[in-house]
Amino acid sequence: MMAVMTRWWAVAVWFAAASAALASGSLSAQDGDALGQVTYERWCAGCHGLDGTGDGPGAGYMLPRPRDFTQALYQIRTTASGDLPTDDDILAIIDRGMPGTTMPGWEALLSNDEREALVQYLKTFSRFFSADEIPQPLEFSRATRSNADVLAEGERLFREVADCAACHGDGGRGDGESSPALVDDGDFPIPAADLTENWLFNGGGEAEDIYRRLLTGLDGTPMPSLADVITAGVITDEQLWAIAHYVRSLSPDNPPGITEVVRGVLFEDAPLPSSVDDEAWDEIEGAYLPLAGQIIVMPRWFHPRVDGVWVQAAHDGETVAVRVSWSDPNNSPDPEWADWKSQVIALMQPKEGDPPDEGPTPDQLVVQFPMQMPEGMERPFFLRGDNRRPVYIWQWQSDRDGALEGEARGIGTEAFLSGGQDLTVDASHADGQWQVMFTRPLVTEDENDLDFVIGEAIPMALFAWDGDNGESGTRGAVSSWYFLFLEEATPATVFVAPALAMILTAALGFLVVGRAQKRERQSGKIKSETPNS
Ligand code: HEC
Ligand code: HEC
């Protein structure tokens with residue numbers, strides 16, 4: 001309550017003393033500000049706008065939108081909910097950026113002086129900051145130890161007491177019943193964070209970070225602060241730590257490393273997993289492949305729901321099985337998400353002539369391979385190939401039984417083969433996650449099917465769509481090329497190493513697409529007999 005009052009109080013003072021505030025604002029605008037202003041206009045205004053209102057030229061294609069600094073709403077603070085951030089808070093976010101959003105980190109790019117000047121300059125956009133009132137950080141207790149009992153207690157509180165599951169869902173993937181209706185203070189739809197991907201938390205993914213966010217809240221978003229609940233004695237500080245430890249435990253111990261190769265484990269004696277939830281999958285290591293919005297072909301898509309997929313693979317010398325798992329809060333199309341969908345489309349396709357909402361659309365997954373095993377490092381264009389180098393694809397969608405095999409020579413040219421389908425699929429949606437398992441004989445009669453070769457790096461790319469996030473056609477998430485490597489009976493390491501050495505290192509986020517684009521431009525120039533490594 002105190003927090004809300006602080007803000008109104010500040011507004012009242014601002015009204016009463018607008019001219020005085022203006023005067024003192026210009027007084028402080030001295031040398032430091034000149035550096036702050038120059039740095040801001042060069043690096044920040046493109047997103048945050050020259051006047052700090054968050055409407056720079058790039059802003060219309062971003063969700064969350066760049067922050068409007070005139071409102072002085074800061075998510076990542078050490079201060080109480082509703083209070084202004086400290087200078088150190090603002091500096092820390094400028095340094096680190098906000099993972100999971102377009103806000104970059106600047107520590108490596110800008111000098112100390114520049115970043116400190118930026119802190120002061122940002123504050124001049126808002127009259128809420130004053131030299132007389134210095135925001136005070138909260139006192140945070142020291143982390144408790146985590147163990148199985150603590151995690152069980154954390155899970156109970158998460159689900160039953162602190163109401164986290166209402167937004168984040170029982171499994172933490174952002175599929176709680178309130179999630180389709182969540183909006184931020186600017187009235188923009190905002191997803192409840194996927195708590196199984198802590199490397200994308202805005203304010204850091206360790207238990208300490210989570211504990212702080214729970215105490216301070218994320219101002220400007222629906223994510224509440226638990227400070228009042230603690231003051232009221234509903235939960236103790238120790239229990240808050242239990243929740244933080246539990247949330248931390250939902251993500252892997254380390255953020256997934258950058259992998260180029262999905263290993264197809266050889267099942268020599270045991271049968272291959274027979275269904276999508278076969279326990280045999282639990283024994284197979286998954287590779288995390290980051291996805292990014294498709295921004296090469298029009299209409300582009302800057303707001304993909306699926307930011308990465310986990311891929312597992314196995315084979316028994318005759319059949320290959322591939323399981324793809326990814327977070328998606330619902331099984332599209334779902335009427336509960338219809339509003340969300342039309343809002344996202346309206347916000348992300350603001351130009352005239354952009355395609356309208358097509359009505360209900362399903363979730364989809366495409367796994368893509370070259371039509372034939374390539375020679376050397378030569379690969380088709382990652383967006384569905386071209387005439388010279390077509391691709392072979394598996395396509396699954398949530399509103400249809402079975403999967404299709406097809407081929408394509410460029411995006412939009414997908415043709416699905418009728419009859420003689422060698423591909424089977426099993427899919428399930430639970431707790432905000434899709435899992436889709438494909439199986440196919442390694443070799444088929446069909447000459448348009450890729451024959452999977454054991455012991456070689458088979459190029460593979462993935463594409464995912466969340467229908468209720470407004471995704472269909474070219475509007476979806478894409479990966480660049482990765483490799484599927486079906487293990488041989490002899491230890492395969494000997495063969496993997498040289499292949500790995502040739503493979504380029506993939507980058508996350510937009511870099512995936514940027515690089516693929518560049519690679520394609522280069523390979524376009526190089527004659528086909530030259531491997532374009
Ligand atoms: C590519 C776009 C982009 C650029 C460039 C950019 N920002 Fe941001 N920034 C964002 C977005 C988007 C958000 C809001 C993220 C959210 O709400 O989760 C944001 C949020 C912020 C916040 C709010 C942090 C908080 O705790 O809520 C600060 C401070 C900030 N940016 C400072 C800067 C500064 C300083 C620069 C220039 C050095 C800069 N930004 C450049 C996109 C950008
Ligand atoms: C009313 C809905 C709602 C409830 C209830 C809620 N959250 Fe959130 N939470 C959100 C939203 C929305 C975000 C995303 C904010 C953003 O993207 O800036 C979020 C983000 C988070 C994050 C990521 C923080 C970061 O740094 O990005 C964590 C961790 C989290 N919530 C944990 C919890 C826990 C634990 C609880 C229960 C104590 C909880 N949330 C209750 C809506 C909610």
Side-chain angles (χ1 to χ4, degrees), residues 36 39-49 52 54 56-59 61-69 71-77 85 89-107 109-110 114-115 117-119 121-123 125 154 157-159 161-169 172 174 176-179 181-186 188-195 197-198 200-207 209-226 229 235 239-240 242-248 250-251 510:
T39 316
Y40 179 86
E41 289 180 358
R42 177 143 181 222
W43 298 107
C44 321
C47 289
H48 291 284
Y61 288 102
M62 290 169 206
L63 270 184
R65 294 287 203 244
R67 190 60 37 80
D68 171 355
F69 295 125
Q71 303 298 313
L73 272 176
Y74 287 79
Q75 280 181 26
I76 311 301
R77 306 171 325 283
D89 290 342
I90 305 179
L91 184 62
I93 213 75
I94 294 175
D95 284 358
R96 288 200 310 258
M98 297 175 84
T101 80
T102 53
M103 169 67 191
W106 300 92
E107 191 168 19
L109 193 71
L110 301 177
E114 285 169 323
R115 286 176 287 121
L118 278 173
V119 172
Y121 187 66
L122 292 191
K123 295 202 298 185
F125 287 125
L157 295 162
F158 181 94
R159 293 192 183 192
V161 181
D163 222 20
C164 318
C167 293
H168 292 284
E177 56 195 23
S178 310
S179 58
L182 295 177
V183 288
D184 66 17
D185 278 22
F188 295 107
I190 181 169
D194 179 351
L195 302 181
E197 299 187 332
N198 72 331
L200 296 180
F201 290 179
N202 293 181
E206 293 312 321
D209 303 313
I210 299 165
Y211 169 85
R212 290 185 172 208
R213 299 295 85 76
L214 294 177
L215 219 47
T216 64
L218 291 165
D219 287 4
T221 84
M223 167 73 193
S225 151
L226 294 193
V229 184
I235 62 170
Q239 287 178 314
L240 192 67
I243 300 177
H245 287 306
Y246 170 68
V247 170
R248 175 63 188 86
L250 297 174
S251 297
F510 288 136

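Because only heavy atoms are used, hydrogens play no part in the values below, and waters and symmetry mates are left out as well, while side chains stay in. Keep in mind that what you see is a predicted model, and the values were worked out from it rather than measured. Note that ligands are numbered from 1 as they come in the structure, with each ligand's atoms numbered from 1 the same way.
- A distance of 5.5 Å separates CE of Met223 from CG of Leu218, quoted to the nearest 0.5 Å.
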Taking it one step at a time, do Phe125 and Tyr40 satisfy ring-ring contact (aromatic ring centres under 6.0 Å, His included)? CA-CA 12 Å; Phe125 287 125; Tyr40 179 86; 5.1 Å; yes
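- Annotation for Leu110 and Thr39: closest pair CD1-CG2, 3.9 Å, computed over non-hydrogen atoms.
- With sequence neighbours excluded, the residues that form a side chain to side chain contact (heavy atoms under 4.5 Å, CB included) with Val183 are Asp187, Gln343.
- Shown in contact with Leu195 at under 4.0 Å from a heavy atom are these atoms of ligand 2, numbered in order with element: 22 (C), 28 (C), 29 (C), 30 (C).
- Of all non-hydrogen atoms in Arg77 and Pro85, the two that sit nearest each other are CG-CB, 3.8 Å.
- In this structure Pro191 satisfies the side chain to side chain contact (heavy atoms under 4.5 Å, CB included) test together with Arg305, Trp340, sequence neighbours excluded.
- Residue contacts with ligand 2: Pro224 is included, with a non-hydrogen atom under 4.0 Å away.
- Contact between Pro191 and ligand 2 is present, with at least one heavy atom of the residue lying under 4.0 Å from the ligand.
- Nearest heavy-atom pair, Arg67 versus Tyr74, reported as atom, atom and distance to 0.1 Å: NH1-CA, 4.1 Å.
- Atom CD of Glu41 sits in a crowded spot, with more than 12 heavy atoms from other residues, nucleotides or ligands closer than 6.0 Å.
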Show me the short polar-atom pairs for ligand 1: any N or O of it lying under 3.5 Å from a protein N or O, with distances only.
unit_1	atom_1	unit_2	atom_2	d
ligand 1	7 (N)	His48	NE2	2.8
ligand 1	9 (N)	His48	NE2	2.9
ligand 1	17 (O)	Arg67	NH2	2.5
ligand 1	17 (O)	Gln75	NE2	3.2
ligand 1	18 (O)	Gln75	NE2	3.4
ligand 1	18 (O)	Asn202	OD1	3.2
ligand 1	26 (O)	Gln75	N	3.2
ligand 1	26 (O)	Ile76	N	3.0
ligand 1	27 (O)	Arg67	NH1	2.4
ligand 1	27 (O)	Gln75	N	2.8
ligand 1	31 (N)	His48	NE2	2.9
ligand 1	40 (N)	His48	NE2	2.8

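- Nearest heavy-atom pair, Tyr211 versus Ala244, reported as atom, atom and distance to 0.1 Å: N-CB, 3.8 Å.
- Ligand 2 places these atoms under 4.0 Å from at least one heavy atom of Cys167: 1 (C), 2 (C), 3 (C), 4 (C), 5 (C), 42 (C), 43 (C).
- Closest approach of Cys167 and Ser179 over heavy atoms only: O-CB, 3.6 Å.
- In summary, the atoms of ligand 2 found under 4.0 Å from a heavy atom of Leu214, numbered by their order in the structure, are 33 (C), 34 (C), 35 (C).
- Atoms of ligand 2 lying under 4.0 Å from at least one heavy atom of Val247, given by number and element, are 35 (C).
- With ligand atoms numbered from 1 in the order given, ligand 2 contributes 38 (C) to contacts under 4.0 Å with heavy atoms of Leu226.
- Backbone or side-chain N, O or S atoms of His168 reach atom 8 (Fe) of ligand 2 at under 2.8 Å.
- Using a non-hydrogen distance threshold of 4.0 Å, Pro222 registers as a contact of ligand 2.
- Near Ile243, meaning under 4.0 Å from one of its heavy atoms, ligand 2 places the atoms 35 (C).
- Set against the non-hydrogen atoms of Asp163, the atoms of ligand 2 under 4.0 Å away are 5 (C).
- Applying the side chain to side chain contact (heavy atoms under 4.5 Å, CB included) rule to Ala162 yields the partners Cys164, Leu226, Ile243; only residues at least two apart in sequence or on another chain are considered.
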